[in-house]
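It should be emphasised that the depicted structure is a prediction, and the values quoted were computed from it without experimental measurement.
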Amino acid sequence: MLRPGGVLGLVWNIRDESVPWVARLTEITKGSHAEQLLADGGPEVAAPFGELASRTWHWARPITRAALMAMVHSRSYVITATPEERARIDRELEVLFDEIGATGDATVSLPYVTYAFRAVKPEAGGAAR
């Protein structure tokens, strides 16, 4: 339970789909619920919290083809997909990874955006900060 004056923090690291190849990656693998939540305007909190303050940061992770494939294979959508759908995903990823130069041990820069939201629980009888 959050005490009065306590801070609620919500943080998501989402791939930066403003980069065309990353948008294609999402088209191939489907977006996550978090990606949809943020695309729809972000989280909402109920009373006693007021409006959320927010901030974003852009950063990138160097990643190999094998690590990209492992990342995709760890997603629940892919894990629960039919064998035919998983094969389609793998085929399309192979083409995409070749196009972006993610071959062998070479790394590519996988861009992310961190979305952070903050709300303070009001003090007893006071307003949120």
Side-chain angles (χ1 to χ4, degrees):
M1 175 165 261
L2 192 61
R3 68 181 183 272
V7 177
L8 170 67
L10 305 169
V11 179
W12 286 274
N13 288 307
I14 304 295
R15 293 185 313 265
D16 187 350
E17 294 181 0
S18 70
V19 176
W21 80 262
V22 178
R24 280 187 52 208
L25 177 67
T26 298
E27 288 172 12
I28 294 167
T29 63
K30 309 286 187 220
S32 70
H33 293 293
E35 290 163 335
Q36 190 60 53
L37 171 78
L38 294 166
D40 291 344
E44 295 179 8
V45 294
F49 297 104
E51 194 170 323
L52 287 167
S54 66
R55 186 161 176 210
T56 59
W57 295 267
H58 293 262
W59 59 282
R61 170 187 175 198
I63 191 166
T64 64
R65 182 187 196 106
L68 275 164
M69 194 64 83
M71 178 189 72
V72 168
H73 288 167
S74 73
R75 300 197 58 165
S76 59
Y77 169 77
V78 176
I79 292 168
T80 61
T82 65
E84 296 80 15
E85 178 66 359
R86 284 193 305 272
R88 179 203 60 82
I89 290 167
D90 284 348
R91 280 191 312 273
E92 292 183 21
L93 289 177
E94 295 289 339
V95 171
L96 174 61
F97 295 167
D98 286 346
E99 289 175 4
I100 64 171
T103 57
D105 291 333
T107 61
V108 294
S109 181
L110 178 56
Y112 282 89
V113 181
T114 297
Y115 294 84
F117 300 88
R118 178 183 185 273
V120 177
K121 185 173 182 180
E123 299 286 342
R129 296 183 277 180

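- At a threshold of 4.5 Å between non-hydrogen side-chain atoms, the residues Trp21 and Glu99 do not count as touching.
- Between Val108 and Ile100, the closest heavy-atom pair is CG1-O, 3.5 Å.
- Here the CZ-NZ distance, from Arg75 to Lys30, works out to 11.0 Å after rounding to the nearest 0.5 Å.
- Formation of a donor-acceptor pair under 3.5 Å by the Arg65 side chain with backbone atoms of Glu94 is found in this model.
- Cluster membership check: Met71 shares its hydrophobic cluster with Val19, using side-chain heavy-atom separations under 4.5 Å among Ile, Leu, Val, Met, Phe, Trp and Tyr.
- Taking each heavy atom of Ile79 and Ser74 in turn, the nearest pair found is CD1-O, 3.4 Å.
- Taking 4.5 Å as the limit, some side-chain heavy atom of Phe97 sits within range of a side-chain heavy atom of Leu25.
- Residues meeting the side chain to side chain donor-acceptor pair (under 3.5 Å) test with Tyr77, sequence neighbours left out: Glu85.
- Using cut-offs of 30° and 60° on the angle between ring planes, the pair Trp12 and Phe117 is perpendicular.
- Panel note: side chain Arg15, backbone Ala23; no donor-acceptor pair is recorded below 3.5 Å.
- Interatomic distance, CZ of Arg88 versus CG of Leu93, reported as 8.5 Å (0.5 Å rounding).
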*Derivation and outcome, side-chain contact (heavy atoms from CB on, under 4.5 Å), residues Leu2 and Val7*: CA-CA 8 Å; Leu2 192 61; Val7 177; over 6 Å; no

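- Tyr112 and Leu10 fall into different hydrophobic clusters, defined by Ile, Leu, Val, Met, Phe, Trp and Tyr side-chain heavy atoms under 4.5 Å apart, directly or through other members.
- Under a hydrophobic-cluster definition in which Ile, Leu, Val, Met, Phe, Trp and Tyr are linked whenever side-chain heavy atoms come within less than 4.5 Å, directly or via other members, Leu68 and Val113 are assigned to different clusters.
- Between the side chain of Arg86 and the backbone N or O of Ala81, at least one donor-acceptor pair lies under 3.5 Å.
- To the nearest 0.5 Å, the span separating CG on Asp16 from NE2 on His58 amounts to 6.0 Å.
- The two residues Ala60 and Ser109 come nearest to each other via the heavy atoms CB-OG, 3.1 Å.
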Identify every side-chain donor-acceptor pair in residues 35-46 under 3.5 Å, counting partners at least two apart or on other chains, and give the distances.
{"unit_1": "Glu35", "atom_1": "OE1", "unit_2": "Ser32", "atom_2": "N", "d": "2.5"}
{"unit_1": "Glu35", "atom_1": "OE1", "unit_2": "Ser32", "atom_2": "OG", "d": "3.4"}
{"unit_1": "Gln36", "atom_1": "NE2", "unit_2": "Asp40", "atom_2": "OD1", "d": "2.9"}
{"unit_1": "Gln36", "atom_1": "NE2", "unit_2": "Asp40", "atom_2": "OD2", "d": "3.2"}

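- You'll find the side chain of Val72 stays beyond 4.5 Å of the side chain of Ile28, heavy atoms only.
- Chaining together hydrophobic side chains whose heavy atoms lie under 4.5 Å apart leaves Trp57 on its own.
- Nearest heavy atoms, Asp90 versus His73: OD1-NE2, 2.7 Å.
- Here CZ of Arg3 is found 9.5 Å from CD of Glu123. Values are rounded to the nearest 0.5 Å.
- No continuous path of hydrophobic side-chain contacts links Val22 to Ile14 [ILVMFWY only; heavy atoms under 4.5 Å].
- The two residues Ala116 and Val11 have their closest heavy-atom pair at CB-CG2, 4.3 Å.
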